[in-house]
Colleague: 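The structure is given below, and queries will be raised subsequently.
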Amino acid sequence: MTIDQEIRKYPFSESPGIDIDPAYGLLRSTEPLARVQLPYGEVSWLATRYEDVKTVLTDPRFSRAAAQGKDQPRLREEMTYEGIIGLDPPDHTRLRKLAGKALTARRVNEIRADAQRIANEYVDDMIAKGSPGDLVEMFALPFPITVICELLGVPFEDRAQFRIWTEGLTSTSEQLMSYVEQLFGYMGKLVAQRREQPTDDLLGALVKARDEGDRLTEQELLSIAGVGLLLTGVETVSTHIPNFVYALLTHPELMAQLRADRSLVPAAVEELLRMIPLNPAAMFPRYAVEDVELSGGTVRAGEPVLVSLPGANRDPEVFDNPETFDFTREQNPHVAFGHGPHHCLGAQLARMELQVALHTILDRFPELSLADGDAGVSWKSGLLVRGPNRLLVAW
């Protein structure tokens, strides 16, 4: 591996759909540690093999904190607000511990019934308005926003503003930091209210854990409650619901399989997560703090490495028939939510919401179809997530 090897423009293509660029597979087999140039920032390595990706995500010789202040490889000119993502242990561990006290598996399971109620309410509204309808606007967007707002205890009248902030956090617009400041200001007021009048919602639990436990800063608390949970509990879900439905409608054998056996829904969610990329490119580089040998070569101290989660999720060394959807896959150790210390904070919440969404759509729309074929589907552009921004369906 030499420093003068070809530097590829990255992302490799502008394809907005649910497929990944074939370049990932080619690199994984022939050049698993490739040099790439994103629209902004310095040249980076890109790791595409599963074991290399796990190494970069877990080995302390690769640092997120070391990226701060550097010209990080990135998709937009301004630096992305990172919060907890920009930390290493032990600081990162403190925040994870705080979130873990509040966002427990038990709490997520307890709100499943509420999530189901909310999903049914939005479907009721869709049916009342008549077929066809835009699944994105009428269900995929409002459903997770309502769930997270109820979980955090956000007043009903403020939820429209939450939607604006959520969409803004994943945009490439210059308004990013303005959205972050507005969100933090709003969440700060809610935190103050919880201190004066404690509640048993998630935000109340976060405030209690912060004040009685690790005494983390207000900024750290707001980073978890605001940006962290909004991006995972809302944007991931609102993007992947139409991604998943589009995949099922364009693979009718998969839809038929789920309709015949609803017990496959949890496994289907995992397989859809493995197969369908959320982001148009790898983000949040780690910087080597010393020379590290990967299967594709050596990363020198001070060099950044990006990890391709979709590339790793199709590694044939780990997954049998990796390019094929398989809802009966017995082992599915995908890294769609990351791996190691930075494994997604809201992964269990997102999983629950996606399962509820699929169950509801299967139950309530027994003859769902694309209303106008691919002409009824338009795809997001200029965002840090990829998926339909319009999915016209009939029932």
Colleague: Looking at R28 and G311, would you say the former's side chain and the latter's main chain have a donor-acceptor pair under 3.5 Å?
Modeller: yes
Colleague: Do Q37 and K9 have side chains that get closer than 4.5 Å, going by heavy atoms?
Modeller: no
Colleague: What is the distance from atom CG of N120 to atom CD1 of I127, rounded to the nearest 0.5 Å?
Modeller: 9.0 Å
Colleague: Closest heavy-atom contact between L368 and R259?
Modeller: N-NH2, 3.9 Å
Colleague: I'd like to know if the side chain of R386 reaches the main chain of G17, judged simply by a donor and an acceptor atom lying under 3.5 Å from each other, with no hydrogens or angles considered.
Modeller: yes
Colleague: Hey, does the side chain of Q161 reach the backbone of D158 with a donor-acceptor pair shorter than 3.5 angstrom?
Modeller: no
Colleague: Is the side chain of R314 donor-acceptor paired with the backbone N or O of M275 at a distance under 3.5 Å, no angle test?
Modeller: yes
Colleague: For the residue pair L57 and F62, establish whether any side-chain heavy-atom pair is separated by less than 4.5 Å.
Modeller: no
Colleague: How about L254 and L258: do any of their side-chain heavy atoms sit closer than 4.5 Å?
Modeller: no
Colleague: Classify the ring geometry between W395 and F365 as parallel (under 30°), tilted (30 to 60°) or perpendicular (over 60°).
Modeller: tilted
Colleague: So which heavy atom on V136 is nearest to which on P242, and how close?
Modeller: CG2-CB, 3.9 Å
Colleague: For the pair Q355 (side chain) and P266 (backbone), establish whether a donor and an acceptor sit closer than 3.5 Å, ignoring hydrogens and angles.
Modeller: no
Colleague: Which distance, rounded to the nearest 0.5 Å, do you find between the CZ of F244 and the CG of L273?
Modeller: 4.0 Å
Colleague: Does a sphere of radius 6.0 Å around CD in E293 hold more than 12 heavy atoms from other residues, nucleotides or ligands, not counting ones at 6.0 Å or beyond?
Modeller: yes
Colleague: Hey, could you give me the OG1/CD distance between T328 and E271, rounded to the nearest 0.5 Å?
Modeller: 8.5 Å
Colleague: Hey, does the side chain of H240 reach the backbone of T236 with a donor-acceptor pair shorter than 3.5 angstrom?
Modeller: no
Colleague: Just by distance, no angles: are the side chains of Y122 and T146 close enough, under 3.5 Å, to form a donor-acceptor pair?
Modeller: yes
Colleague: Minimum heavy-atom separation for N313 to V335, with atom names?
Modeller: OD1-N, 2.8 Å
Colleague: Angle between ring planes, H334 versus F337, binned at 30° and 60°: parallel, tilted or perpendicular?
Modeller: tilted
Colleague: When you measure from the side chain of R74 to the backbone of P39, do you find a donor-acceptor pair of N or O atoms at a distance under 3.5 Å?
Modeller: no
Colleague: Does R61 reach the main-chain N or O of D59 with its side chain, forming a donor-acceptor pair under 3.5 Å?
Modeller: no
Colleague: For F327 and A268, work out which heavy atoms get closest and say how close.
Modeller: CD2-CA, 3.6 Å
Colleague: Flag yes if more than 12 heavy atoms outside E367 fall under 6.0 Å of its CD atom; otherwise flag no.
Modeller: no
Colleague: Taking NZ, NE, NH1 and NH2 as the nitrogens, is one of them in K380 or E235 under 4.0 Å from a carboxylate oxygen of the other?
Modeller: yes
Colleague: Would you check if L190 and V207 make a side-chain contact, meaning some heavy-atom pair closer than 4.5 Å?
Modeller: no
Colleague: May I ask you to test the Q5-E31 pair for a side-chain heavy-atom distance under 4.5 Å?
Modeller: yes
Colleague: CD1/I361 to CG/L248 distance, rounded to the nearest 0.5 angstrom?
Modeller: 8.5 Å
Colleague: Between M255 and L249, does the side chain to side chain contact (heavy atoms under 4.5 Å, CB included) criterion hold? Intermediate values first, please.
Modeller: CA-CA 7 Å; M255 178 70 88; L249 292 178; 3.6 Å; yes
Colleague: Does any part of the side chain of L309, heavy atoms only, come nearer than 4.5 Å to the side chain of H339, both counted from C-beta?
Modeller: no
Colleague: What residue among V234, I111, V237 forms side chain to side chain contact (heavy atoms under 4.5 Å, CB included) with I148?
Modeller: V234
Colleague: Is there a side-chain hydrogen bond (donor to acceptor under 3.5 Å, both in side chains) between D291 and T298? Walk through the geometry before answering.
Modeller: CA-CA 7 Å; D291 292 359; T298 303; over 6 Å; no
Colleague: So, do Y10 and F12 have ring centers that fall under 6.0 Å from each other?
Modeller: yes
Colleague: Going from CG on L26 to CG on D21, what distance comes out if it is rounded to the nearest 0.5 angstrom?
Modeller: 9.5 Å
Colleague: Could you check whether R329 pairs with D320 (Lys NZ or Arg NE/NH1/NH2 to Asp/Glu carboxylate O, under 4.0 Å)?
Modeller: no
Colleague: Around atom CD of E330, are there more than 12 heavy atoms of other residues, nucleotides or ligands at under 6.0 Å?
Modeller: no
Colleague: Consider only side-chain heavy atoms of I, L, V, M, F, W and Y, link residues closer than 4.5 Å, and tell whether V289 and V292 are in one cluster.
Modeller: no
Colleague: Kindly indicate, with the supporting measurements, whether the criterion side chain to side chain contact (heavy atoms under 4.5 Å, CB included) is fulfilled by V299 and L294.
Modeller: CA-CA 7 Å; V299 179; L294 299 176; 4.0 Å; yes
Colleague: So do the side chains of R8 and L46 get within less than 4.5 Å of each other, counting heavy atoms only?
Modeller: no
Colleague: Any side-chain to backbone donor/acceptor pair from D52 onto A47? Under 3.5 Å, distance only.
Modeller: no
Colleague: Start with the C-alpha distance between R351 and V108, add both sets of side-chain angles, then the distance that settles side chain to side chain contact (heavy atoms under 4.5 Å, CB included), and finish with yes or no.
Modeller: CA-CA 10 Å; R351 280 189 168 98; V108 170; over 6 Å; no
Colleague: If you measure from the Lys or Arg side-chain nitrogens to the Asp or Glu carboxylate oxygens, is any gap between R274 and E270 under 4.0 Å?
Modeller: no
Colleague: What distance do L358 atom CG and I241 atom CD1 have between them, rounded to the nearest 0.5 Å?
Modeller: 8.0 Å
Colleague: So which heavy atom on F143 is nearest to which on A115, and how close?
Modeller: CE1-O, 3.3 Å
Colleague: Just do the side chain to side chain contact (heavy atoms under 4.5 Å, CB included) check on L391 and L370 with the steps written out, would you?
Modeller: CA-CA 8 Å; L391 186 65; L370 291 175; 3.7 Å; yes
Colleague: Over all heavy atoms of both residues, which pair between P304 and Y287 is shortest? Give the atoms and the distance, please.
Modeller: CB-CZ, 3.5 Å
Colleague: Surrounding CD of Q197 (heavy atoms of other residues, nucleotides or ligands, distance under 6.0 Å), is the total greater than 12?
Modeller: no
Colleague: Side chains of E150 and R159, heavy atoms from C-beta outward: is any pair under 4.5 Å?
Modeller: yes
